[in-house]
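A note on names: the letters A, B, ... follow the listed sequences, proteins ahead of strands, and every chain is numbered from 1. Hydrogens, waters and symmetry mates play no part in the numbers below; they use all other heavy atoms, side chains included. None of these values were measured; they are calculated from a predicted model.
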Amino acid sequence: MAASRSQARALEAPRGTFDVLPGDGRPRRALGHLAEEIFERAGYGYAETPAFESADLFARGVGEATDIVQKEMFAFEDQGGRALALRPENTAGFCRAYVEHGMHKRPQPVKLWYEGPFFRHEAPQAGRFRQFAQIGAEALGSDDPSLDAELIVLLAELLDRAGVGEVRLRLSSLGTAPTRHAYAEELRDYLRTREGELSEEVRARLDLNPLRAFDSSHPGTRAALVEAPKLLDRLEPEDAEHFAAVRELLDDARVPYEVDPALVRGLDYYTRTVFEFTSDRLGAQSGVGGGGRYDGLVEQLGGPPTPAVGWAAGVERILLAAQGEDGSSGDGRLGDGVRREPVIFVALESEAGTRAGFSILRTLWRAGARAEMEQAGRSLKGQLKQASRAGARAVVIVDDAGMRVRDMRSREEQLAADPGQAVELALGLTGAL
RNA sequence: GUGGGCGUAGCUCAGGUGGUAGAGCUCCUGGUUGUGGUCCAGGCGGUCGUGGGUUCGAGUCCCAUCGCUCACCCCA
């Protein structure tokens, strides 16, 4: 993966980015197609927002106190002095678009899905990049628990059909903002009484966001948290009801999950339901997809009060998990099913053949056939080898005398009187006629 | 940002105790195979990450630096 020449160094892809080469391209595209199929069936419309937005959107949307905003944003100024940032996630952007385009006037809920690149300035690691792709879905405009369940079911289906293998689904509820804030106070007070046992990081964050203590792997912190009050026990009755309804629907759908009171998502906007799918096929970055409800976000961004749910899944992580241990095939579902039409290869035995060959190539394309022509000056032997590699069923060989069509299976050749007949013969061999 | 591992041809890697670069694969050519998927031969391809130092001489030793990678952290 690493280039090595110093000359090339300056021209390497930036740290934390990667090139998608043809080999990786197929499963990647297949994942997108799979997502499209799943979402369209469920009534989700494809939407896109810009790859960069006003930096303020993320500060207000994602949360000033989050790591994402505090230290991971690619922020910059444009020539007009506007403060912009590459989007670190999509929810804030969709909410902005929802407000900007008055989507609250549409039939609710508005269901959207997306796929695209996101940017976070983090130290790269297995499954973690500075530019990465996410597939995600959001449903805005209803607090119905069936939306929470629906989105989780859709994500479960996507992961399953992508072939990521066994996943774990953790589920919890954060309640609404006020209960969460009250709980944060309570937790902070509790943790203060055991401050000596906590890790330095957790102590430093105590004021900013005590809930984050639950993410810590520090032994002392974990021990102190065992006896800590649980947010789930502090939910308002209607939040608890909502959570129970979501669980009921998941039970009915036979989606296995575990309720994990320690599940705290790192974005400030979450309310009520939160969830995360993890896979042990990944390294330390075990999360393949996750999300939750963000009932206050649209309003916070200047829109009408609008409950909403959504999730995002990491494309690279799904691909990584779907790859399996052996590194290549794995469950092998992504893109393996696509049947490809046979190719017709146009071989040139003389330089003068280029014009005739190119004309035949265009005719084949217009006829809807897959066709390629020799363009590297190879010997005929090399051309046939190339035709083989390209998956050719027929080869049209053009020379000074005329042209003939070779059947790559029987190795038999037929003379063609003119280009029209050559095309006909070739199409006949590939079954395209 | 911090720590561990690693940086030799496009890819995967060899290169005890320093002596001035190799293999396999890929690609191309020729031969063979009925002009292709086998086999044989040949060829293209490397400022040994970079800079400095020690030395008559460094891919091999020392220092620095950059990059990759894994982990912490955080998250998709």
Considering only heavy atoms and no angle criterion, is a donor-acceptor pair shorter than 3.5 Å present between the side chain of Arg128(A) and the base of C70(B)? no

Any idea which of C70(B), C28(B), A76(B) is nearest the Arg389(A) side chain? C28(B)

Compute both the distance and the angle, then confirm whether Arg234(A) meets the cation-pi test with Tyr183(A): under 6.0 Å from the six-membered ring centre, within 45 degrees of the axis. no

Can you list every pair that meets ring-ring contact (aromatic ring centres under 6.0 Å, His included) and has a residue in residues 386-415 of chain A, with sequence neighbours left out? none

Distance between the P atoms of G34(B) and G7(B), in whole angstroms? 47 Å

Nearest-angstrom distance, P atom, U12(B) to C68(B): 16 Å

Residues Tyr46(A) and Glu40(A): side-chain donor-acceptor under 3.5 angstrom: no

Does the G37(B) base have a donor-acceptor partner in the side chain of Arg411(A) within less than 3.5 Å? yes

I want to check one thing: is the phosphate of C72(B), taken as OP1 and OP2, less than 4.0 Å away from some side-chain N or O of Gln125(A)? yes

Between U20(B) and G5(B), how far apart are the C1' atoms? Round to whole Å, please. 30 Å

How many whole angstroms separate atom CH2 of Trp113(A) from atom C1' of A76(B)? 16 Å

Separation of the C1' atoms in U47(B) and A21(B), to the nearest angstrom: 13 Å

Pair assignment for U55(B), Watson-Crick or G-U wobble, requiring both distances under 3.5 Å: none

Would you check if there is a donor-acceptor pair between the side chains of Asp144(A) and Ser142(A) at a distance under 3.5 Å? no

When rounded to the nearest Å, what value does the distance between P atoms of C6(B) and G49(B) take? 14 Å

Rounded interatomic separation in angstrom, taking NZ from Lys385(A) and C1' from U32(B): 14 Å

Of the candidate nucleotides U29(B), C73(B), C72(B), which contains the atom at the shortest distance from the side chain of Arg378(A)? U29(B)

Decide yes or no, distance alone: a donor-acceptor N/O pair under 3.5 angstrom between the base of U32(B) and the side-chain of Lys381(A). yes

Within this structure, what is the CZ-to-P distance between Arg28(A) and A76(B), rounded to whole angstrom? 17 Å

Please determine, for the side chain of Leu267(A), which listed nucleotide (C68(B), A71(B), A76(B)) has the closest atom? A76(B)

Suppose we define a pair by two distances each less than 3.5 Å, Watson-Crick or G-U wobble; what does G1(B) pair with here? C72(B)

Look at the side-chain N and O atoms of Arg15(A) and state whether any lies under 4.0 Å from the OP1 or OP2 oxygen of C68(B). yes

C74(B) phosphate, OP1 or OP2: any side-chain N/O from Arg120(A) under 4.0 angstrom? no

U60(B) and G15(B), which share atom name C1', separated by this distance in whole Å: 9 Å

Measure distances between side-chain N and O atoms of Glu12(A) and base N and O atoms of C66(B), and say whether any donor-acceptor pair falls under 3.5 Å. no

Would you say the base of A76(B) stacks on Phe132(A) (centre-to-centre below 5.5 Å, plane angle below 30°)? yes

Could you work out the separation of U55(B) and C63(B) based on their C1' atoms and round it to a whole Å? 16 Å

Examine the side chains of Thr66(A) and Asp268(A) and answer whether a donor and an acceptor come within less than 3.5 Å of each other. no

Closest to the Glu122(A) side chain, choosing from C73(B), C70(B), A76(B): A76(B)

Counting side-chain heavy atoms from CB outward, which of U29(B), C75(B), A76(B) is closest to Arg212(A)? C75(B)

Verify the neighbour count for atom CZ of Phe358(A): are there more than 12 heavy atoms of other residues, nucleotides or ligands below 6.0 Å? no

N-O pairing of Arg272(A) and Asp148(A) below 4.0 Å: no

So, is Ser379(A) near the phosphate of G30(B), with a side-chain N or O under 4.0 Å from OP1 or OP2? yes

Taking atom P in both G22(B) and U29(B), what distance in whole Å separates the two? 26 Å

